[in-house]
Amino acid sequence: MSTPDPTSIRVRMAPSPTGPLHIGTARTSLYNFLFARHVGGTYVLRVEDTDVARGTDEWETDIIDNLHWLGITWDEGPQSADGGDIGPYGPYRQSQRMELYAREADRLLASGDAYHCYCTPDELEAVRHEQERNHEAPRYNGRCLRLTDAERAAFEAEGRRPALRFQVPPDKIRFDDLIRGDVEFDNALLGDFVIVRGDGMPLYHFVVVVDDEAMAITHVVRGEDHLSNTPKHIALIRALGYREPRFGHIPLILNPDRSKMSKRKSQTAITAYREQGYLPEAMVNFLAFLGWSPGTEEEIFSLEELAARFEIGEVHKAGAVFDKDRLDYLNGVYIRSLADGQLAYRLRPFIPEELDDGILMRLAPLLKERLVRLGDASELAAFLTETDDQIAALYEPELLLPKGRTAAETAEALTIARGALGAIDQPDFAAGELEAICRSSAEAHGWKAGDFFRPLRVAITGRLVSPPLFGSMELLGRERTLARVDEALKRLGAEIPA
RNA sequence: GCCGCAUUCGUCUAGAGGCCUAGGACACCGCCCUCUCAAGGCGGAGAUCACCGGUUCGAAUCCGGUAUGCGGUACCA
């Protein structure tokens, strides 16, 4: 044997376009990507769209776009949903490889490893029920394995379209999982399973094996939910005379109740996180650590650093709960690390169009300093788009009152603040200037700064806590700021100065 | 039911027989800073390492069993 050539390592991800890119698929793709990059291998994207009833172009677009958004790239496969394939093993969409599957299915039929099955869904269902009643393993009973020519002809005459079943050899299947080590299954416990449907559509267990061989995949890294499917695949591989790849099964991502992460209980679409303002860097960092760790106390890594450190054998065996708090924290870390221009650019989709890029640039340092959390950022966006009427409706007069102050005193403070604001000539404010003027006015009238700013904060922002007071005033401009203060005075039943 | 995989603070994890009276991070609590909220700094609480039994001078780490959870058991992927 010569030294193994690292470039001969070929891995793949095989998403099925039956929905938007799922968190779990994204992480499996990420681990495959990191593994491929780490060993200098080739990364293949294959679209598993054999289940045409469920698959749509829309989902394929979502999957490819979001994979790109995360920074995951592949060497072979469709580079965009409407574009062509790249790579010598194409096409990379299973819906376009039907002749290959038909050919391999025929081989199995010819060699006797597969046989036609005329059982109807109802008949199969009945058998399963019967087995359950008798506490037997629910598996195919092999009825069609040895049909006489007459029986076969009778079924054909009935118009039944046979499915193709693989005859599973009763072998003990053992393999050395990249992550779990030695695993053994007994295929004698398996029933013969269908590999091609009655309507001619080949099924997952079959096509995945055919394609992995055809695309020269050497390492299959996939979710743990496929662990117990692997002995089926190995049986198929042996029957077809293929070369057996290495398998690695990564742990599942879990709902808070520790069941497999699902749409019902968690937000699973990558797109949804993207639309809420999560940065791809944060998502990647977060996902990478859900089931893997570099073994040190470092925890902030770029995609490149991850690729340099990632070892497939270090991947954990137990499932990991998706902890959104941690994602939020990481998102904050990455937002804070962004330069102002970068932040403004990333924020653009979340900020109303009326606020031009100049304002956004001024807003950027403010956001970075204080509104690093997603929740706060979207609050700010909402704040900026709220009409003054909506803001006014938000607060109750009691909220305006500092501790131990009466409505009259509070109105007085607001009137003072109003005067300070009015004293500024320019239509736009500078936060620093505003703060200085308000502070000195307050002190001149014997107010503690904290007491003074509280009613002002509620009047301007409509809430007790964030966003930052002076930044908000700066963004609103003088006119709207004064309007809000006036509205607050009205609520307090106070006179509005002319 | 059967088969398989897993099991360290609430969560993500460090840990590969003595360095562990189990370390870090998120979340939580307190203090400092501060116009607020954050961020940052300091500190606190939080895990009899699922349980039982072995091996060993010594076990979170090795072995066996039990329990619990999860996954698979489709003409879905």
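To find a chain, count down the sequence lines: A is the first, B the second, and so on, and within it residues start at 1. On a predicted model such as this, the values are computed, not experimentally measured, just so you know.
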J.: Is the closest basic N to carboxylate O distance between A:R246 and A:D176 below 4.0 Å?
T.: yes
J.: Can you work out whether A:L189 or A:H226 has the more 5'-proximal nearest nucleotide on RNA chain B?
T.: A:L189
J.: Taking OP1 and OP2 of B:C76, is either one under 4.0 Å from a side-chain nitrogen or oxygen of A:R197?
T.: yes
J.: The side chain of A:L227 lies closest to which of these nucleotides: B:C26, B:G4, B:C70?
T.: B:G4
J.: When the P atoms of B:C62 and B:U7 are considered, how many whole Å apart are they?
T.: 11 Å
J.: Any side-chain heavy atom of A:I237 within less than 4.5 Å of one from A:E213?
T.: no
J.: On a whole-Å scale, what distance lies between the P atoms belonging to B:G10 and B:C51?
T.: 13 Å
J.: Look through every strand shown and name the nucleotide pairing with B:C51 as Watson-Crick or G-U wobble, where both distances are under 3.5 Å.
T.: B:G65
J.: The side chain of A:D323 is closest to which nucleotide in this list: B:A25, B:C26, B:U7?
T.: B:C26
J.: Test A:R12 against every option in A:L45, A:D211, A:V220, A:N32 by the side-chain contact (heavy atoms from CB on, under 4.5 Å) rule and name the one that passes.
T.: A:V220
J.: For a quick check of understanding: with a heavy-atom distance under 4.0 Å over all strands, which category does A:R139 fall into, base, sugar-phosphate or nothing?
T.: nothing
J.: In whole angstrom, what separates A:D49's CG from B:A77's C1'?
T.: 12 Å
J.: Can you tell which of B:A77, B:A39, B:A74 lies closest to the side chain of A:S16?
T.: B:A77
J.: Would you tell me if any nitrogen or oxygen in the side chain of A:R336 comes within less than 4.0 Å of OP1 or OP2 on B:G40?
T.: yes
J.: Could you tell me which non-hydrogen atom of A:L303 sits nearest to which non-hydrogen atom of A:L34, and how far apart they are?
T.: O-CD2, 4.0 Å
J.: Decide yes or no, distance alone: a donor-acceptor N/O pair under 3.5 angstrom between the base of B:A25 and the side-chain of A:R326.
T.: yes
J.: Between B:U13 and B:A22, how far apart are the C1' atoms? Round to whole Å, please.
T.: 13 Å
J.: Nearest whole angstrom, please: distance from the C1' of B:G69 to the CG of A:L254.
T.: 9 Å
J.: Figure out the NE2/C1' separation between A:H316 and B:G15, and round it to whole Å.
T.: 11 Å
J.: If we take the C1' atom in both B:C19 and B:A60, what is their distance in whole Å?
T.: 15 Å
J.: Just N and O in the side chain of A:K260: are any of them under 4.0 Å from OP1 or OP2 of B:G72?
T.: yes
J.: B:G4 pairs with which nucleotide, Watson-Crick or G-U wobble, both distances below 3.5 Å?
T.: B:C70
J.: Between B:C26, B:G4, B:C75, which nucleotide has the shortest distance from any of its atoms to the side chain of A:Y329?
T.: B:C26
J.: Just compare B:C26, B:C3, B:A6 and give me whichever is closest to any side-chain atom of A:K317.
T.: B:A6
J.: Could you let me know what B:A39 is paired to, Watson-Crick or G-U wobble, both distances under 3.5 Å, or none if it's on its own?
T.: none
J.: Where the side chain of A:L252 is concerned, which of B:G71, B:C3, B:C75 is the nearest nucleotide?
T.: B:G71
J.: If you check the A:R180 side chain, which of B:A6, B:G71, B:G72 turns out closest?
T.: B:A6
J.: Yes or no on ring pair (Phe, Tyr, Trp, His ring centres under 6.0 Å) for A:Y31 and A:F310, after CA distance, side-chain angles and deciding distance?
T.: CA-CA 8 Å; A:Y31 278 21; A:F310 186 83; 5.1 Å; yes
J.: Of the nucleotides B:C75, B:C35, B:U13, which has the atom closest to the A:F453 side chain?
T.: B:C35
J.: Are A:D199 and A:R161 close enough for a salt bridge, meaning some N to O gap below 4.0 Å?
T.: no
J.: Rounding to the closest angstrom, what is the interatomic distance between B:G24 and B:U8 at atom C1'?
T.: 13 Å
J.: Suppose you measure atom C1' in B:G54 against the same atom in B:C9; what distance do you get, rounded to whole Å?
T.: 28 Å
J.: Under 4.0 Å between a side-chain N/O of A:Y204 and OP1 or OP2 of B:A77, yes or no?
T.: no
J.: What nucleotide among B:C26, B:C12, B:U73 has an atom nearest to a side-chain atom of A:V321?
T.: B:C12
J.: Say you pick atom P in B:A59 and the same atom in B:C52; how far apart are they, in whole Å?
T.: 14 Å
J.: Write down the distance between CD (A:E224) and C1' (B:C70), rounded to a whole number of angstrom.
T.: 7 Å
J.: Which base sits across from B:G46 as a Watson-Crick or G-U pair, both distances under 3.5 Å?
T.: none
J.: Partner of B:C57 by Watson-Crick or G-U wobble geometry, both contacts under 3.5 Å, or none?
T.: B:G18
J.: Roughly how far, to the nearest 0.5 Å, is the CG atom of A:L279 from the CZ atom of A:F286?
T.: 14.5 Å
J.: How close or far is atom C1' of B:C26 from atom CZ of A:F286, stated in whole angstroms?
T.: 10 Å
J.: Compute both the distance and the angle, then confirm whether A:R143 meets the cation-pi test with A:Y140: under 6.0 Å from the six-membered ring centre, within 45 degrees of the axis.
T.: no
J.: Among B:C75, B:G4, B:G72, which is the nearest nucleotide to the side chain of A:A163?
T.: B:C75
J.: Using Watson-Crick or G-U wobble geometry with both distances below 3.5 Å, tell me the partner of B:A27, or none.
T.: none
J.: Can you tell me, in whole Å, how much space there is between the P of B:G17 and that of B:C63?
T.: 12 Å
J.: Suppose we define a pair by two distances each less than 3.5 Å, Watson-Crick or G-U wobble; what does B:C75 pair with here?
T.: none
J.: Looking at every heavy atom in both A:L70 and A:A26, which two are closest together, and how far apart are they?
T.: CD1-CB, 4.0 Å
J.: How many whole angstroms separate atom CD of A:Q131 from atom P of B:C2?
T.: 15 Å
J.: For B:U68 and A:R258 - does any side-chain N or O of the residue sit under 4.0 Å from the phosphate oxygens OP1/OP2?
T.: no
J.: How many Å lie between CG on A:L178 and P on B:C5, as a whole number?
T.: 16 Å
J.: Any side-chain N or O of A:S228 below 4.0 angstrom from OP1/OP2 of B:C3?
T.: no
J.: Within this structure, what is the CZ-to-P distance between A:R222 and B:A77, rounded to whole angstrom?
T.: 13 Å
